[in-house]
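Okay, so here's the structure we're looking at.
For ligands, and for the atoms within them, numbers begin at 1 and follow the listed sequence.
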Amino acid sequence: MSQVRTRFAPSPTGDLHVGGAHTALFAWLFARHEGGRFVLRIEDTDEVRSTERSLAAIYDGLKWLGIDWDEGPDVGGPFAPYIQSERLGIYQDHIGRLLDSGRAYRCFCTPEELEERREIMRARGIPPRYDGRCRDLDEDEVARLTREDRPSCVRFRVQETGTTVVNDLVRGEVWFDNSLMGDFVIQKTSGYPTYHMAVVVDDHLMQITHVIRAEEHLPNTPAHVQLMEALGIERPQFAHLPLIMGTDHTKLSKRHGAVNLMDYRDQGFLPEAMRNFLALIGWSPGAEEEILDLRELTDRFTIEGVSKSPGVFDLEKATWLNGEYLKRADAEYLADVLSPMLREEGLLEDDLSPERRRWLVAVVDLMKERTRLLTDFVTWGSYFFTEDFPYDPRARKKWLSREEVPDRLDMLADRLEEPGTWDVDGIERIIRDLADELDVSAAKVIHPCRAAVTGQTVGPSLFDVMVLIPQTDVASRLRRAAKLGRAGELAPSPSEE
Ligand code: GLU
């Protein structure tokens with residue numbers, strides 16, 4: 001077989017949705033697995049809805065996921081241009097050929113007339129489709145209407161009888177009844193080609209061997225196949241990917257949460273985790289292991305592993321997977337990813353000294369075991385970056401509002417403030433010694449101390465945490481909590497009880 005060539009052909013009419021990203025990923029993984037080429041083609045034949053902003057969003061989304069393209073609008077390639085609005089002459093030629101051969105014709109029906117007739121069909125219980133009114137207009141009639149400047153589109157004369165069989169790599173043979181199709185538009189009144197026309201011409205001219213796309217395009221495929229036959233074009237292989245559902249098994253939509261891929265970046269997902277997660281929707285690697293890096297994904301990806309039944313977008317699973325990636329991630333890398341997020345929250349200065357950078361990496365390293373989203377570093381971990389961190393109601397209720405706690409916190413502050421090296425063992429010793437002197441268990445000092453220093457009841461080893469916070473800040477946090485506690489300001493409100 002010739003070299004595999006797949007494409008992602010988004011219409012730039014909005015954000016890059018997770019469904020689009022899923023399609024792009026599968027087409028890309030297949031090309032990479034096969035050692036083939038991956039093409040990015042922009043299908044902007046919807047003149048009204050296509051925007052530059054959306055084009056930029058497509059680039060950003062794909063790049064974030066780590067999907068690269070061998071040919072495309074920005075990188076060029078042997079079949080440039082890769083933006084359909086720059087290829088209008090090419091479609092015009094093909095439409096001209098179909099008009100010449102009689103497989104296409106001009107249609108002068110107005111939208112109002114079409115709607116009226118469709119309404120009648122619906123009322124009679126017939127599935128609405130074009131009724132063929134302009135199919136057999138004679139040449140003189142066409143010439144007259146054209147002279148009158150009547151707006152027209154071009155329709156494809158479909159094969160009306162029999163069936164069109166699509167051989168799909170995922171679904172097998174799918175049969176379509178031709179009588180249901182109706183002559184469809186291939187050139188709009190504006191002169192622009194429709195999606196059907198442009199996609200067929202471009203997949204052919206760009207030598208796409210495998211059309212991998214979402215299942216919602218399966219019903220369009222018989223129309224494409226008929227166009228290919230009329231143009232004498234060889235069919236590519238088709239693979240229609242299963243739909244993506246929410247956990248309630250309805251089609252994924254805003255009701256289920258974000259559908260814009262980049263919202264997941266903002267929610268704290270790592271791109272490699274998102275990529276892994278998307279790959280597992282409707283595809284099985286054929287093994288138990290679910291955490292697959294890029295290399296493993298491309299090594300294992302086959303269309304045979306793609307499922308016929310819908311895939312589920314399970315945010316719980318995505319979050320779990322992200323947590324696994326965070327645990328395994330290199331702390332230096334995570335510090336790079338987190339720095340802009342922390343800066344945006346005003347929690348980190350712009351220029352980090354080497355020492356401060358080492359500190360940040362140590363903080364990240366300590367926290368990454370317990371986080372599931374990058375945003376957890378910013379929310380749970382805010383006590384590393386600011387004195388203005390919140391006290392969790394549980395910490396207030398369980399520890400900071402207890403009568404005996406303020407004195408203990410003050411005593412601890414006095415001792416921890418003593419000049420000396422600020423290290424894990426020293427901190428631990430001071431805390432344990434105080435507990436011994438007070439004749440209480442170490443927990444009775446450790447827990448209030450954690451609550452005062454971090455505002456929380458749980459977290460990484462307290463001594464490891466404390467050593468990463470300046471000695472003077474630790475002391476002042478203990479004193480502040482003691483003072484607030486004594487003043488009764490840390491008592492939980494009735495709603496928090
Ligand atoms: N522009 C179409 C879309 O965004 C592409 C469909 C296809 O891959 O053929 O849905």
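- The N/O atoms of E216, backbone and side chain alike, include none that comes under 3.5 Å of an N/O atom in ligand 1.
- Classification of R295 and D293 as a salt-bridged pair fails, no side-chain N sitting under 4.0 Å from a carboxylate O.
- Using modelled atom types, one finds no donor on one side chain facing an acceptor on the other under 3.5 Å when comparing Y195 with N220.
- Closest to atom 10 (O) of ligand 1, if we only count protein heavy atoms, is H217 NE2, 2.8 Å.
- Using bins of under 30°, 30° to 60° and over 60° for the plane-to-plane angle, the ring pair F238/H240 lands in the parallel bin.
- Nearest protein heavy-atom neighbour of atom 8 (O) of ligand 1: R7 NH1, 2.5 Å.
- Taking CZ from R106 and CG from L145, the interatomic distance works out to 11.0 Å, rounded to the nearest 0.5 Å.
- Close approach of ligand 1 to V199 is summarised as follows: ligand atoms under 4.0 Å from at least one heavy atom of the residue are 9 (O).
- Remark: E332 engages R357 in a salt bridge, criterion side-chain N to carboxylate O under 4.0 Å.
- Salt bridge status for D68 with R32: present, with a side-chain N to carboxylate O gap under 4.0 Å.
- Scanning all protein heavy atoms for the shortest distance to atom 9 (O) of ligand 1 gives Y195 OH, 2.7 Å.
- Contacts between F8 and ligand 1 below 4.0 angstrom, taking non-hydrogen atoms only, are absent altogether.
- Backbone and side-chain nitrogen or oxygen atoms of A9 are examined, and one is located within less than 3.5 angstrom of a nitrogen or oxygen of ligand 1.
- Close approach to E43 involves these atoms of ligand 1, each under 4.0 Å from a residue heavy atom: 1 (N), 2 (C), 5 (C).
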